[in-house]
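As structure tokens, the structure follows; a few thoughts come after it.
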Amino acid sequence: MTEHDFHPSRRIARSTPNSPGGELAPRIRTLATDTVTPRDRSLPAALCTVAAEVGFETANGTDSANATAFADVLEPVVTTVTLLEGYVRLRLTLVDAAEALADWGAPTVDRDDAILASDFLHASAYATVAETPVPDRRRLELYRLLLGGSTTLTRQCLARADADERADANGASDGRFEAPATLAETAGAIGATVVGASAETRTALRRYSHAMMTALASQSSATSDDDDPRASAARVLFDPTCQHAVVTDEELAYATPTVERSLERARTALEALADDAAGTDVSSPLGRLERATRVPFHRE
């Protein structure tokens, strides 16, 4: 599969949820739609996309014959991931408004409207899986992944409402990072699964995605996409030609312990993929995953 055959940025578009029942107040639909992050700025969407690329190339090498079919199966699951991301954003505004606003840039909304809009996004994520052109058995696997991920996300959001801050003196992550990391892990697993990747490949991509989001979500002081490591990582993952600056091992030494430990786990996951990947240059899926571990982090 060549860059011309499949370039993720060509398929980036603002996703608009489709109502399963068709009955939804306009203000709720607008809130739901506005909460969905554009794909080119969504790290979960980027992780889902590149996980699918890795899984596809592991099974097919660089053969471009199935590139169109690959794009067709990828489109609905990336939409599913962005809808689930919107659901998480709204749920976090309900359980911890101040921190959710800081971490996700979510708008201030009426509580009842946020509940209805988040439920709408959650249902739409499931409905979109049904549109994925894969065999029934694989679609069932996708439903199971989505069910497991969304159930865990719901529990984490509820637990966050009553949780105390759990960061320790060593910088261990607290409850603020659990839901984003679970969302990322689910996105990576869905991307790998939709193309029929092996169990080993799926496991490695799940671990990578969880570790990367833990590292990136811990850097929550960004005020715009220009200095948000999550948006920077998404650009690197989506675009093989991205020339975004990266940092050296020496510069990473100044990152927080949470970041350092998480990035080490991400690189360990990549090592498990190295032998099976079709290419390891910087523009290959595996190369972009490695580059994403080197986006500049805030100094705290």
Side-chain angles (χ1 to χ4, degrees), residues 35-48 50-51 81-82 84-106 149-150 152-161 163 165-168 170-189 205-238 244 247 252 254-267 269 289 292-300:
T35 303
V36 176
T37 303
R39 294 188 188 184
D40 58 341
R41 298 204 299 271
S42 168
L43 182 56
L47 289 166
C48 179
V50 182
V81 166
T82 60
L84 190 62
E85 181 180 17
Y87 164 77
V88 173
R89 291 180 67 195
L90 282 174
R91 284 292 168 173
L92 287 179
T93 68
L94 295 174
V95 299
D96 197 332
E99 292 189 45
L101 289 170
D103 290 348
W104 293 86
S150 64
T152 300
L153 285 166
T154 299
R155 290 173 178 168
Q156 288 172 338
C157 289
L158 290 173
R160 181 67 190 133
E165 292 295 331
R166 289 175 287 180
D168 61 26
N170 294 321
S173 66
D174 60 29
R176 290 176 298 168
F177 315 143
E178 291 177 352
T182 296
L183 172 64
E185 178 181 347
T186 302
L205 289 166
R206 288 183 75 135
R207 290 174 177 171
Y208 172 91
S209 299
H210 187 281
M212 279 300 297
M213 183 62 89
T214 300
L216 294 162
S218 71
Q219 307 296 293
S220 59
S221 59
T223 57
S224 70
D225 282 346
D226 291 336
D227 62 351
D228 183 356
R230 284 175 290 189
S232 298
R235 286 194 292 272
V236 168
L237 291 173
F238 269 130
H244 197 283
V247 296
L252 280 175
Y254 291 95
T256 67
T258 296
V259 169
E260 291 182 292
R261 287 194 297 267
S262 297
L263 293 182
E264 181 60 32
R265 287 194 291 270
R267 294 197 178 107
L289 289 172
T293 68
R294 297 180 177 278
V295 299
F297 288 86
H298 300 297
R299 305 291 184 252
E300 293 185 348

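By convention here, the first residue in the shown sequence is residue 1. Here the structure is a predicted model, which means the values were calculated and not measured.
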With a 4.5 Å heavy-atom cut-off, do Leu289 and Leu237 have their side chains touching? yes
Mind checking side-chain hydrogen bond (donor to acceptor under 3.5 Å, both in side chains) for Thr186 and listing every partner two or more places apart, or none if nothing turns up? none
Residues that Arg155 engages under side-chain hydrogen bond (donor to acceptor under 3.5 Å, both in side chains), provided they are two or more places apart: none
What one should report as the nearest heavy-atom pair of Ser209 and Ala184 is CB-O, 3.2 Å
Rounded to the nearest 0.5 Å, what's the gap from CZ on Arg91 to CG on Leu84? Could you check? 11.5 Å
Looking at every heavy atom in both Pro180 and Ala217, which two are closest together, and how far apart are they? CB-CB, 4.2 Å
Can you confirm whether Thr82 sits close enough to Pro44 that some side-chain heavy atom of one is under 4.5 Å from a side-chain heavy atom of the other? no
Contacts of Thr154 that satisfy side-chain hydrogen bond (donor to acceptor under 3.5 Å, both in side chains) - sequence neighbours left out: Tyr87
For Thr93 and Arg89, run side chain to side chain contact (heavy atoms under 4.5 Å, CB included): C-alpha distance rounded to whole Å, both residues' side-chain angles, the deciding distance at 0.1 Å, then the answer. CA-CA 7 Å; Thr93 68; Arg89 291 180 67 195; 5.7 Å; no
Indicate the atoms forming the closest heavy-atom contact of Leu216 with Ala233, along with that distance. CD1-CB, 3.9 Å
To the nearest 0.5 angstrom, please state how far the CG atom of Leu47 sits from the CG atom of Leu43. 4.0 Å
Assess the residue pair Glu85 and Arg39 against the criterion (side chain to side chain contact (heavy atoms under 4.5 Å, CB included)); give the C-alpha distance rounded to whole Å, side-chain angles, the decisive distance to 0.1 Å, and a yes or no. CA-CA 11 Å; Glu85 181 180 17; Arg39 294 188 188 184; over 6 Å; no
Minimum heavy-atom distance Asp40-Ala234, with the two atoms named: O-CB, 4.1 Å
When rounded to the nearest 0.5 Å, the distance separating OG1 of Thr293 from CZ of Arg267 is 3.5 Å
What closest approach, in Å, do Ala187 and Val81 show between heavy atoms, and which atom pair accounts for it? CB-CG1, 3.7 Å
Let's go through Thr182 and Val88 carefully: what are the C-alpha distance in whole Å and the side-chain angles of both, what is the deciding distance for side chain to side chain contact (heavy atoms under 4.5 Å, CB included) to 0.1 Å, and is it a yes or a no? CA-CA 10 Å; Thr182 296; Val88 173; over 6 Å; no
Side-chain contact test, heavy atoms from C-beta onward, threshold under 4.5 Å: evaluate it for Glu185 versus Met213 and give yes or no. no
Steps toward side chain to side chain contact (heavy atoms under 4.5 Å, CB included) verdict (Asp228, Arg41): CA-CA 10 Å; Asp228 183 356; Arg41 298 204 299 271; over 6 Å; no
When Glu260, Glu264, Arg265 are each screened for side chain to side chain contact (heavy atoms under 4.5 Å, CB included) with Ser262, the one that passes is Arg265
Measuring from Cys157:SG to Glu178:CD, what's the distance to the nearest 0.5 Å? 10.0 Å
On a heavy-atom basis, the closest approach of Thr214 and Ala181 is OG1-CB, 3.5 Å
